[in-house]
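All figures in this text were calculated on a predicted structure; none of them were measured in a lab.
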Amino acid sequence: MARRLLLGCSAVGNTLVERTREARGELVAITDDTGWASTLRDRNVATVEADPTDPATYPDSAAVVLVASDDPARNVAAAEAARERYPDAMIVAHVGTNPTAAQQDAVRAVADRVVDPVEAIVSRVREATGVDAHEEPVRLLKTLRNLSGPLLVVAHDNPDPDAIASALGLVRVAESIGVPADACYGGEIAHQENRAMVNLLDLSLRTFDGTDLDDYDGVALVDHSRAGINDSLPEGHPVDIVVDHHPPRGPVAGEFVDIRPDAGATSTLIEEYLSRLGIEPERDLATALLYGIRIDTKDFTRSTSIPDFEAAASLSAFADESTLERVESPSVSPETLRVLARAIEGRDVRGSTVASCVGEIGDRDALAQAAERLLDLDGIAVTFVFGYMDGVIYGSARARGADLDVGELLRDALDTVGSAGGHATMAGAQVSLGILQEVTDEESLEDVVETFVAGRFFEALDDAPSPPSGALPEFPTD
(Lines give C-alpha, C1' and ligand atoms only; values in the text may rest on other atoms or scores of the structure.)
Protein backbone atom coordinates (compact mmCIF):
# COMPACT_ATOMS: atom_id res chain seq x y z
CA MET A 1 0.00 0.00 0.00
CA ALA A 2 1.33 3.45 -0.91
CA ARG A 3 0.70 5.50 2.18
CA ARG A 4 1.43 8.75 0.31
CA LEU A 5 0.74 9.50 -3.35
CA LEU A 6 2.05 12.67 -5.01
CA LEU A 7 0.09 13.74 -8.12
CA GLY A 8 1.97 16.32 -10.16
CA CYS A 9 4.96 18.27 -8.93
CA SER A 10 6.10 21.87 -8.48
CA ALA A 11 8.08 23.86 -5.94
CA VAL A 12 5.21 23.26 -3.51
CA GLY A 13 5.22 19.55 -4.30
CA ASN A 14 8.96 19.41 -3.82
CA THR A 15 8.55 21.00 -0.38
CA LEU A 16 5.88 18.43 0.53
CA VAL A 17 8.29 15.67 -0.50
CA GLU A 18 10.95 17.20 1.74
CA ARG A 19 8.53 17.25 4.69
CA THR A 20 7.83 13.53 4.17
CA ARG A 21 11.48 12.56 3.71
CA GLU A 22 11.53 10.34 6.80
CA ALA A 23 8.86 8.14 5.17
CA ARG A 24 10.27 8.40 1.66
CA GLY A 25 10.04 4.64 1.03
CA GLU A 26 6.27 4.91 1.41
CA LEU A 27 5.89 7.74 -1.14
CA VAL A 28 4.97 7.27 -4.83
CA ALA A 29 4.98 10.21 -7.25
CA ILE A 30 3.17 10.52 -10.59
CA THR A 31 4.10 13.43 -12.86
CA ASP A 32 4.43 14.00 -16.60
CA ASP A 33 6.99 16.75 -16.06
CA THR A 34 10.30 15.14 -17.07
CA GLY A 35 12.38 17.61 -15.10
CA TRP A 36 10.53 17.06 -11.85
CA ALA A 37 10.48 13.30 -12.45
CA SER A 38 14.26 13.32 -12.70
CA THR A 39 14.59 15.46 -9.57
CA LEU A 40 12.35 13.17 -7.54
CA ARG A 41 14.21 10.06 -8.67
CA ASP A 42 17.51 11.69 -7.69
CA ARG A 43 16.03 11.96 -4.21
CA ASN A 44 15.15 8.27 -4.16
CA VAL A 45 11.42 8.85 -4.59
CA ALA A 46 9.60 6.11 -6.52
CA THR A 47 8.36 8.07 -9.56
CA VAL A 48 6.06 7.18 -12.46
CA GLU A 49 6.27 9.51 -15.46
CA ALA A 50 2.61 9.66 -16.49
CA ASP A 51 -0.50 11.87 -16.50
CA PRO A 52 -1.34 12.65 -12.83
CA THR A 53 -5.01 13.21 -13.74
CA ASP A 54 -5.42 9.69 -15.15
CA PRO A 55 -6.57 7.24 -12.46
CA ALA A 56 -5.37 4.34 -14.60
CA THR A 57 -1.82 5.25 -13.53
CA TYR A 58 -2.64 5.27 -9.80
CA PRO A 59 -1.57 2.51 -7.38
CA ASP A 60 -4.21 0.24 -5.85
CA SER A 61 -4.49 2.22 -2.63
CA ALA A 62 -3.27 5.34 -0.84
CA ALA A 63 -3.87 6.82 2.59
CA VAL A 64 -2.77 10.39 1.78
CA VAL A 65 -2.84 12.04 -1.65
CA LEU A 66 -0.82 15.20 -2.30
CA VAL A 67 -1.97 17.16 -5.37
CA ALA A 68 0.80 19.59 -6.21
CA SER A 69 1.25 20.82 -9.78
CA ASP A 70 1.26 24.53 -10.67
CA ASP A 71 -1.69 24.15 -13.09
CA PRO A 72 -4.98 24.92 -11.26
CA ALA A 73 -7.15 23.05 -13.80
CA ARG A 74 -5.03 19.90 -13.60
CA ASN A 75 -5.03 20.07 -9.81
CA VAL A 76 -8.84 20.14 -9.83
CA ALA A 77 -8.94 17.16 -12.21
CA ALA A 78 -6.33 15.21 -10.21
CA ALA A 79 -8.07 15.92 -6.88
CA GLU A 80 -11.45 14.82 -8.27
CA ALA A 81 -9.95 11.64 -9.77
CA ALA A 82 -8.17 10.84 -6.51
CA ARG A 83 -11.32 11.37 -4.47
CA GLU A 84 -13.24 8.98 -6.72
CA ARG A 85 -10.44 6.38 -6.63
CA TYR A 86 -9.66 6.68 -2.90
CA PRO A 87 -12.88 7.80 -1.13
CA ASP A 88 -11.36 7.34 2.35
CA ALA A 89 -8.00 8.98 1.67
CA MET A 90 -6.94 12.36 2.98
CA ILE A 91 -6.40 14.70 0.03
CA VAL A 92 -4.11 17.70 0.41
CA ALA A 93 -4.25 19.90 -2.69
CA HIS A 94 -2.26 22.89 -3.94
CA VAL A 95 -4.54 25.48 -5.57
CA GLY A 96 -1.93 26.14 -8.28
CA THR A 97 -0.69 29.39 -9.77
CA ASN A 98 -3.26 32.16 -10.33
CA PRO A 99 -6.36 29.99 -9.92
CA THR A 100 -9.78 31.39 -10.74
CA ALA A 101 -12.39 31.63 -8.04
CA ALA A 102 -14.22 28.67 -9.55
CA GLN A 103 -11.04 26.57 -9.53
CA GLN A 104 -10.36 27.44 -5.89
CA ASP A 105 -13.93 26.47 -4.98
CA ALA A 106 -13.61 23.21 -6.92
CA VAL A 107 -10.41 22.23 -5.12
CA ARG A 108 -11.82 23.13 -1.73
CA ALA A 109 -14.96 21.09 -2.44
CA VAL A 110 -13.02 17.85 -2.94
CA ALA A 111 -9.84 18.22 -0.84
CA ASP A 112 -9.58 17.81 2.92
CA ARG A 113 -6.89 20.48 3.11
CA VAL A 114 -5.89 23.15 0.62
CA VAL A 115 -2.41 24.63 0.29
CA ASP A 116 -2.43 28.25 -0.87
CA PRO A 117 1.09 29.72 -0.62
CA VAL A 118 -0.06 33.23 -1.53
CA GLU A 119 -2.68 33.22 1.21
CA ALA A 120 -0.14 31.85 3.69
CA ILE A 121 2.33 34.62 2.86
CA VAL A 122 -0.36 37.28 3.14
CA SER A 123 -1.42 35.90 6.52
CA ARG A 124 2.16 35.95 7.75
CA VAL A 125 2.63 39.54 6.54
CA ARG A 126 -0.62 40.56 8.21
CA GLU A 127 0.52 38.94 11.44
CA ALA A 128 3.91 40.64 11.30
CA THR A 129 2.58 44.08 10.38
CA GLY A 130 -0.25 43.71 12.86
CA VAL A 131 2.18 43.70 15.78
CA ASP A 132 2.03 47.00 17.59
CA ALA A 133 5.13 49.11 17.04
CA HIS A 134 5.62 49.29 20.80
CA GLU A 135 5.49 45.53 21.39
CA GLU A 136 8.66 43.77 22.47
CA PRO A 137 9.49 41.80 19.28
CA VAL A 138 9.29 44.92 17.10
CA ARG A 139 11.36 47.00 19.51
CA LEU A 140 13.91 44.21 19.74
CA LEU A 141 14.33 44.08 15.95
CA LYS A 142 14.68 47.86 15.82
CA THR A 143 17.46 47.72 18.41
CA LEU A 144 19.23 44.91 16.56
CA ARG A 145 19.04 46.75 13.22
CA ASN A 146 20.65 49.82 14.78
CA LEU A 147 23.82 47.82 15.52
CA SER A 148 26.69 48.37 13.10
CA GLY A 149 28.50 45.18 14.06
CA PRO A 150 28.15 41.80 15.80
CA LEU A 151 26.18 41.27 19.02
CA LEU A 152 27.64 39.58 22.09
CA VAL A 153 24.94 37.69 23.99
CA VAL A 154 26.07 37.09 27.58
CA ALA A 155 24.54 34.48 29.88
CA HIS A 156 25.27 34.69 33.58
CA ASP A 157 28.32 32.83 34.89
CA ASN A 158 28.01 29.07 35.33
CA PRO A 159 24.81 29.18 33.26
CA ASP A 160 21.77 27.02 33.87
CA PRO A 161 19.59 25.59 31.05
CA ASP A 162 17.36 28.68 30.94
CA ALA A 163 20.32 31.03 30.49
CA ILE A 164 21.96 28.78 27.89
CA ALA A 165 18.80 28.36 25.83
CA SER A 166 17.87 32.04 26.08
CA ALA A 167 21.30 33.12 24.82
CA LEU A 168 21.05 30.80 21.82
CA GLY A 169 17.47 31.89 21.15
CA LEU A 170 18.44 35.57 21.09
CA VAL A 171 21.27 34.73 18.70
CA ARG A 172 18.69 33.08 16.42
CA VAL A 173 16.54 36.23 16.45
CA ALA A 174 19.53 38.43 15.60
CA GLU A 175 20.72 36.18 12.79
CA SER A 176 17.21 36.09 11.29
CA ILE A 177 17.72 39.71 10.20
CA GLY A 178 21.37 39.35 9.25
CA VAL A 179 22.97 40.52 12.50
CA PRO A 180 25.85 38.19 13.47
CA ALA A 181 25.83 37.20 17.14
CA ASP A 182 27.76 35.00 19.58
CA ALA A 183 26.38 33.34 22.70
CA CYS A 184 28.88 33.23 25.56
CA TYR A 185 29.24 32.57 29.26
CA GLY A 186 31.80 32.85 32.04
CA GLY A 187 32.73 30.24 34.60
CA GLU A 188 31.88 26.67 33.67
CA ILE A 189 28.96 24.41 32.83
CA ALA A 190 29.34 21.96 35.69
CA HIS A 191 25.89 20.56 36.48
CA GLN A 192 25.50 17.09 34.92
CA GLU A 193 22.17 17.89 33.30
CA ASN A 194 23.49 21.18 31.91
CA ARG A 195 26.52 19.47 30.40
CA ALA A 196 24.28 16.75 29.00
CA MET A 197 22.05 19.36 27.34
CA VAL A 198 24.97 21.14 25.69
CA ASN A 199 26.64 17.92 24.54
CA LEU A 200 23.59 16.00 23.34
CA LEU A 201 22.14 18.97 21.49
CA ASP A 202 25.57 20.08 20.24
CA LEU A 203 24.86 23.66 21.30
CA SER A 204 27.26 26.34 20.16
CA LEU A 205 28.44 28.57 23.00
CA ARG A 206 31.82 30.09 23.70
CA THR A 207 33.50 30.93 26.97
CA PHE A 208 34.15 34.58 27.70
CA ASP A 209 36.49 36.24 30.17
CA GLY A 210 35.65 39.90 29.58
CA THR A 211 38.18 40.50 26.80
CA ASP A 212 37.61 41.01 23.06
CA LEU A 213 34.72 43.42 23.70
CA ASP A 214 36.05 45.65 20.93
CA ASP A 215 35.04 42.96 18.43
CA TYR A 216 31.35 43.64 19.14
CA ASP A 217 29.10 46.62 18.55
CA GLY A 218 26.45 45.55 21.03
CA VAL A 219 26.00 43.55 24.23
CA ALA A 220 22.92 41.65 25.36
CA LEU A 221 22.29 40.12 28.78
CA VAL A 222 19.97 37.14 29.20
CA ASP A 223 18.63 35.67 32.44
CA HIS A 224 20.26 38.49 34.42
CA SER A 225 20.17 42.26 34.07
CA ARG A 226 23.35 43.98 35.29
CA ALA A 227 26.76 43.89 33.64
CA GLY A 228 29.55 42.75 35.93
CA ILE A 229 27.15 41.16 38.44
CA ASN A 230 27.36 37.39 38.07
CA ASP A 231 28.88 37.65 34.59
CA SER A 232 32.35 38.23 33.13
CA LEU A 233 31.74 41.74 31.82
CA PRO A 234 33.34 44.77 33.48
CA GLU A 235 30.96 46.12 36.09
CA GLY A 236 28.83 48.90 34.64
CA HIS A 237 29.72 48.07 31.01
CA PRO A 238 27.14 49.57 28.58
CA VAL A 239 24.40 47.12 27.62
CA ASP A 240 22.08 47.37 24.63
CA ILE A 241 19.62 44.53 25.30
CA VAL A 242 18.37 42.92 28.52
CA VAL A 243 15.96 39.95 28.55
CA ASP A 244 15.25 38.47 31.98
CA HIS A 245 12.56 37.11 34.26
CA HIS A 246 14.29 37.89 37.56
CA PRO A 247 12.99 41.02 39.30
CA PRO A 248 15.73 43.70 39.37
CA ARG A 249 16.84 45.59 42.43
CA GLY A 250 16.70 48.93 40.67
CA PRO A 251 16.57 50.63 37.28
CA VAL A 252 18.09 48.62 34.42
CA ALA A 253 19.85 50.41 31.58
CA GLY A 254 19.58 49.37 27.95
CA GLU A 255 18.12 50.37 24.60
CA PHE A 256 15.80 47.35 24.81
CA VAL A 257 14.82 46.02 28.24
CA ASP A 258 12.24 43.27 28.70
CA ILE A 259 12.03 42.04 32.29
CA ARG A 260 8.95 40.07 33.31
CA PRO A 261 9.05 38.73 36.88
CA ASP A 262 5.72 36.98 36.35
CA ALA A 263 7.28 34.63 33.80
CA GLY A 264 8.75 31.39 35.10
CA ALA A 265 11.71 31.44 32.70
CA THR A 266 13.56 33.74 30.34
CA SER A 267 13.13 31.04 27.68
CA THR A 268 9.42 31.85 27.74
CA LEU A 269 10.16 35.39 26.57
CA ILE A 270 12.52 34.17 23.86
CA GLU A 271 9.91 31.72 22.55
CA GLU A 272 7.43 34.57 22.33
CA TYR A 273 9.86 36.59 20.18
CA LEU A 274 10.40 33.64 17.85
CA SER A 275 6.68 32.95 17.56
CA ARG A 276 5.62 36.55 17.02
CA LEU A 277 8.33 37.10 14.43
CA GLY A 278 7.46 33.92 12.54
CA ILE A 279 10.85 32.30 13.20
CA GLU A 280 10.62 28.52 13.40
CA PRO A 281 13.17 27.22 15.94
CA GLU A 282 15.45 24.38 14.89
CA ARG A 283 14.91 21.16 16.80
CA ASP A 284 17.96 21.60 19.04
CA LEU A 285 17.01 25.17 19.95
CA ALA A 286 13.38 24.24 20.61
CA THR A 287 14.49 21.35 22.83
CA ALA A 288 16.85 23.61 24.79
CA LEU A 289 14.20 26.31 25.30
CA LEU A 290 11.61 23.75 26.41
CA TYR A 291 14.11 22.28 28.86
CA GLY A 292 14.96 25.75 30.16
CA ILE A 293 11.29 26.38 30.95
CA ARG A 294 10.82 22.97 32.56
CA ILE A 295 13.89 23.37 34.78
CA ASP A 296 13.17 26.92 35.96
CA THR A 297 9.53 26.09 36.72
CA LYS A 298 10.43 22.68 38.17
CA ASP A 299 8.20 20.99 35.61
CA PHE A 300 5.52 23.69 35.97
CA THR A 301 5.18 23.35 39.74
CA ARG A 302 7.07 26.52 40.74
CA SER A 303 6.57 30.18 39.75
CA THR A 304 4.65 29.20 36.63
CA SER A 305 2.56 31.56 34.49
CA ILE A 306 0.12 30.98 31.63
CA PRO A 307 2.74 32.18 29.08
CA ASP A 308 5.08 29.42 30.33
CA PHE A 309 2.51 26.78 29.46
CA GLU A 310 1.80 28.42 26.10
CA ALA A 311 5.49 28.63 25.22
CA ALA A 312 6.08 25.02 26.22
CA ALA A 313 3.12 23.86 24.12
CA SER A 314 4.46 25.73 21.10
CA LEU A 315 7.99 24.40 21.53
CA SER A 316 6.82 20.82 22.00
CA ALA A 317 5.88 20.70 18.30
CA PHE A 318 9.55 21.19 17.37
CA ALA A 319 11.43 19.64 20.31
CA ASP A 320 13.15 16.26 20.40
CA GLU A 321 11.53 14.47 23.32
CA SER A 322 13.86 11.47 23.14
CA THR A 323 16.91 13.71 23.53
CA LEU A 324 15.15 15.58 26.31
CA GLU A 325 14.69 12.33 28.20
CA ARG A 326 18.40 11.60 27.88
CA VAL A 327 19.25 15.10 29.13
CA GLU A 328 17.01 14.65 32.17
CA SER A 329 18.60 11.33 33.13
CA PRO A 330 22.36 11.94 33.09
CA SER A 331 24.87 10.10 35.22
CA VAL A 332 25.43 11.62 38.66
CA SER A 333 28.98 12.63 39.51
CA PRO A 334 30.72 11.33 42.65
CA GLU A 335 31.08 14.96 43.79
CA THR A 336 27.32 15.49 43.71
CA LEU A 337 26.72 12.34 45.73
CA ARG A 338 29.42 13.35 48.21
CA VAL A 339 27.91 16.82 48.69
CA LEU A 340 24.42 15.36 49.10
CA ALA A 341 25.70 12.88 51.68
CA ARG A 342 27.48 15.66 53.60
CA ALA A 343 24.36 17.82 53.45
CA ILE A 344 22.21 15.06 54.91
CA GLU A 345 24.76 14.08 57.55
CA GLY A 346 25.54 17.62 58.69
CA ARG A 347 22.04 19.09 58.55
CA ASP A 348 20.90 21.56 61.19
CA VAL A 349 17.11 21.36 61.44
CA ARG A 350 15.11 24.09 63.12
CA GLY A 351 11.39 23.67 62.70
CA SER A 352 10.65 23.25 59.00
CA THR A 353 14.01 24.75 57.96
CA VAL A 354 17.26 22.90 57.38
CA ALA A 355 20.72 24.39 56.80
CA SER A 356 23.83 22.37 56.08
CA CYS A 357 27.50 23.17 55.56
CA VAL A 358 29.23 20.69 53.26
CA GLY A 359 32.75 22.11 53.60
CA GLU A 360 35.06 22.43 50.60
CA ILE A 361 33.43 21.60 47.26
CA GLY A 362 34.60 20.94 43.72
CA ASP A 363 31.34 21.75 41.94
CA ARG A 364 29.14 24.61 43.06
CA ASP A 365 26.15 23.21 41.12
CA ALA A 366 26.12 20.29 43.54
CA LEU A 367 24.86 22.70 46.19
CA ALA A 368 21.70 23.45 44.21
CA GLN A 369 21.07 19.75 43.66
CA ALA A 370 21.52 19.04 47.36
CA ALA A 371 19.19 21.91 48.32
CA GLU A 372 16.53 20.48 45.99
CA ARG A 373 16.87 16.98 47.40
CA LEU A 374 16.71 18.09 51.04
CA LEU A 375 13.22 19.45 50.33
CA ASP A 376 12.14 15.82 50.14
CA LEU A 377 12.82 15.37 53.85
CA ASP A 378 9.66 14.94 55.88
CA GLY A 379 8.41 18.22 57.37
CA ILE A 380 10.98 20.42 55.59
CA ALA A 381 9.82 23.54 53.72
CA VAL A 382 13.07 25.56 53.45
CA THR A 383 16.61 24.34 52.70
CA PHE A 384 19.98 26.08 52.57
CA VAL A 385 23.17 24.25 51.59
CA PHE A 386 26.53 26.02 51.50
CA GLY A 387 30.21 25.27 50.99
CA TYR A 388 33.36 26.94 49.73
CA MET A 389 35.83 26.74 46.85
CA ASP A 390 38.49 29.02 45.35
CA GLY A 391 38.25 31.51 48.20
CA VAL A 392 34.46 31.98 47.92
CA ILE A 393 31.56 30.66 50.01
CA TYR A 394 28.61 29.61 47.83
CA GLY A 395 25.11 28.87 49.07
CA SER A 396 21.89 27.65 47.47
CA ALA A 397 18.42 27.86 49.03
CA ARG A 398 15.08 26.33 48.09
CA ALA A 399 11.56 26.62 49.50
CA ARG A 400 8.27 24.84 49.02
CA GLY A 401 5.04 25.81 50.73
CA ALA A 402 6.87 28.22 53.06
CA ASP A 403 5.47 31.54 54.29
CA LEU A 404 8.63 33.41 53.44
CA ASP A 405 10.71 34.52 50.47
CA VAL A 406 14.11 32.77 50.41
CA GLY A 407 15.47 35.39 48.02
CA GLU A 408 14.79 38.11 50.57
CA LEU A 409 15.98 35.80 53.35
CA LEU A 410 19.41 35.29 51.82
CA ARG A 411 19.66 38.94 50.94
CA ASP A 412 18.96 39.94 54.56
CA ALA A 413 21.43 37.34 55.82
CA LEU A 414 24.37 37.74 53.44
CA ASP A 415 23.99 40.64 51.02
CA THR A 416 25.85 43.02 53.30
CA VAL A 417 28.92 40.75 53.24
CA GLY A 418 28.59 39.41 49.67
CA SER A 419 25.91 39.02 47.01
CA ALA A 420 22.57 37.29 47.51
CA GLY A 421 19.00 37.15 46.28
CA GLY A 422 16.69 35.35 43.90
CA HIS A 423 13.07 34.22 43.88
CA ALA A 424 10.63 33.34 46.63
CA THR A 425 11.31 29.63 46.13
CA MET A 426 14.86 29.58 44.75
CA ALA A 427 17.85 31.74 45.65
CA GLY A 428 21.62 31.82 45.95
CA ALA A 429 24.48 33.65 47.59
CA GLN A 430 28.22 34.05 47.40
CA VAL A 431 30.57 35.57 49.97
CA SER A 432 34.34 35.95 49.87
CA LEU A 433 36.14 33.89 52.51
CA GLY A 434 38.30 36.90 53.25
CA ILE A 435 40.10 36.73 56.59
CA LEU A 436 38.46 33.36 57.33
CA GLN A 437 41.07 31.82 55.04
CA GLU A 438 43.75 32.63 57.58
CA VAL A 439 42.59 29.58 59.53
CA THR A 440 45.08 26.90 58.54
CA ASP A 441 43.39 23.77 59.91
CA GLU A 442 40.84 22.55 57.33
CA GLU A 443 38.39 21.24 59.90
CA SER A 444 38.60 24.50 61.81
CA LEU A 445 37.95 26.46 58.61
CA GLU A 446 34.82 24.43 57.96
CA ASP A 447 33.66 25.05 61.53
CA VAL A 448 34.27 28.80 61.18
CA VAL A 449 32.40 28.95 57.85
CA GLU A 450 29.49 26.96 59.27
CA THR A 451 29.22 29.17 62.34
CA PHE A 452 29.51 32.39 60.33
CA VAL A 453 27.04 31.55 57.53
CA ALA A 454 24.52 29.48 59.46
CA GLY A 455 24.48 32.05 62.26
CA ARG A 456 23.57 34.86 59.87
CA PHE A 457 21.06 32.65 58.05
CA PHE A 458 19.11 31.60 61.13
CA GLU A 459 19.26 35.13 62.57
CA ALA A 460 17.67 36.45 59.37
CA LEU A 461 15.15 33.61 59.49
CA ASP A 462 14.04 34.65 62.97
CA ASP A 463 13.47 38.21 61.72
CA ALA A 464 11.95 37.24 58.36
CA PRO A 465 8.63 38.93 57.51
CA SER A 466 5.87 37.43 55.37
CA PRO A 467 6.47 37.47 51.58
CA PRO A 468 6.41 41.07 50.28
CA SER A 469 3.90 42.13 47.65
CA GLY A 470 6.38 44.23 45.69
CA ALA A 471 9.39 43.37 43.55
CA LEU A 472 11.80 40.70 44.64
CA PRO A 473 15.58 40.99 44.36
CA GLU A 474 17.62 39.89 41.42
CA PHE A 475 20.73 37.72 41.41
CA PRO A 476 21.98 34.22 41.55
CA THR A 477 19.51 31.37 41.50
CA ASP A 478 22.11 28.69 42.33
Side-chain angles (χ1 to χ4, degrees), residues 229-230 249 338-375 377-468 472-478:
I229 305 298
N230 202 27
R249 295 182 184 177
R338 186 193 68 80
V339 169
L340 178 58
R342 288 293 308 277
I344 294 172
E345 180 184 8
R347 65 190 184 278
D348 182 354
V349 180
R350 304 188 188 183
S352 62
T353 300
V354 58
S356 186
C357 177
V358 296
E360 187 169 12
I361 58 175
D363 177 4
R364 58 180 289 189
D365 281 323
L367 299 173
Q369 296 177 73
E372 289 277 2
R373 295 301 299 272
L374 287 184
L375 275 179
L377 294 174
D378 186 36
I380 295 300
V382 179
T383 66
F384 179 48
V385 181
F386 57 97
Y388 50 90
M389 63 181 291
D390 300 330
V392 179
I393 302 169
Y394 295 100
S396 186
R398 296 291 186 269
R400 181 171 58 211
D403 294 329
L404 55 80
D405 179 330
V406 293
E408 289 286 2
L409 177 62
L410 288 196
R411 186 182 182 189
D412 290 342
L414 299 169
D415 203 38
T416 57
V417 293
S419 298
H423 286 291
T425 58
M426 180 171 61
Q430 55 189 58
V431 178
S432 173
L433 273 171
I435 61 173
L436 299 180
Q437 292 184 98
E438 295 180 5
V439 178
T440 57
D441 184 88
E442 188 65 26
E443 185 178 356
S444 297
L445 175 58
E446 182 174 329
D447 289 342
V448 170
V449 169
E450 180 174 12
T451 300
F452 174 74
V453 176
R456 298 182 71 93
F457 174 77
F458 283 115
E459 181 180 346
L461 180 66
D462 291 339
D463 298 333
S466 298
L472 306 179
E474 174 210 355
F475 201 62
T477 55
D478 283 321

Atom pair [atom1] ([X]) and [atom2] ([Y]), whose distance is rounded to the nearest 0.5 Å:
X	Y	atom1	atom2	result
T383	L377	OG1	CG	9.0 Å
Y388	L433	OH	CG	7.5 Å
I393	R364	CD1	CZ	13.0 Å
L410	S419	CG	OG	12.0 Å
Q369	L374	CD	CG	12.0 Å
F452	D447	CZ	CG	15.0 Å

Could you tell me whether the side chain of [Y] reaches within less than 4.5 Å of the side chain of [X], counting heavy atoms only?
X	Y	answer
V339	D363	no
L404	V382	yes
V453	V431	no
V358	I361	yes
I380	D378	no
D405	L409	no

Just grab all the salt bridge (charged side-chain N to carboxylate O under 4.0 Å, His left out) pairs involving residues 449-460, residues at least two apart or on different chains.
-> none
Nearest heavy atoms of [X] and [Y], plus distance in Å:
X	Y	answer
V449	C357	CG1-SG, 4.4 Å
V406	A399	CG1-CB, 3.5 Å
A368	S396	CA-OG, 3.4 Å
A370	A343	CB-CB, 4.2 Å
G395	L367	N-CD1, 4.3 Å
A413	A460	CB-CB, 3.7 Å

Could I get the full list of salt bridge (charged side-chain N to carboxylate O under 4.0 Å, His left out) partners for [X], not counting sequence neighbours?
X	value
E372	K298, R302, R398
R350	D348
R342	E446

For R373, the side chain to side chain donor-acceptor pair (under 3.5 Å) test, sequence neighbours excluded, returns none
Got a sec, which residues hit side chain to side chain contact (heavy atoms under 4.5 Å, CB included) with V392, two or more places apart in sequence or on another chain?
-> Y394, Q430
For F384, enumerate each residue passing the ring-ring contact (aromatic ring centres under 6.0 Å, His included) test, keeping only those at least two apart in sequence or located in another chain.
-> F386, F457
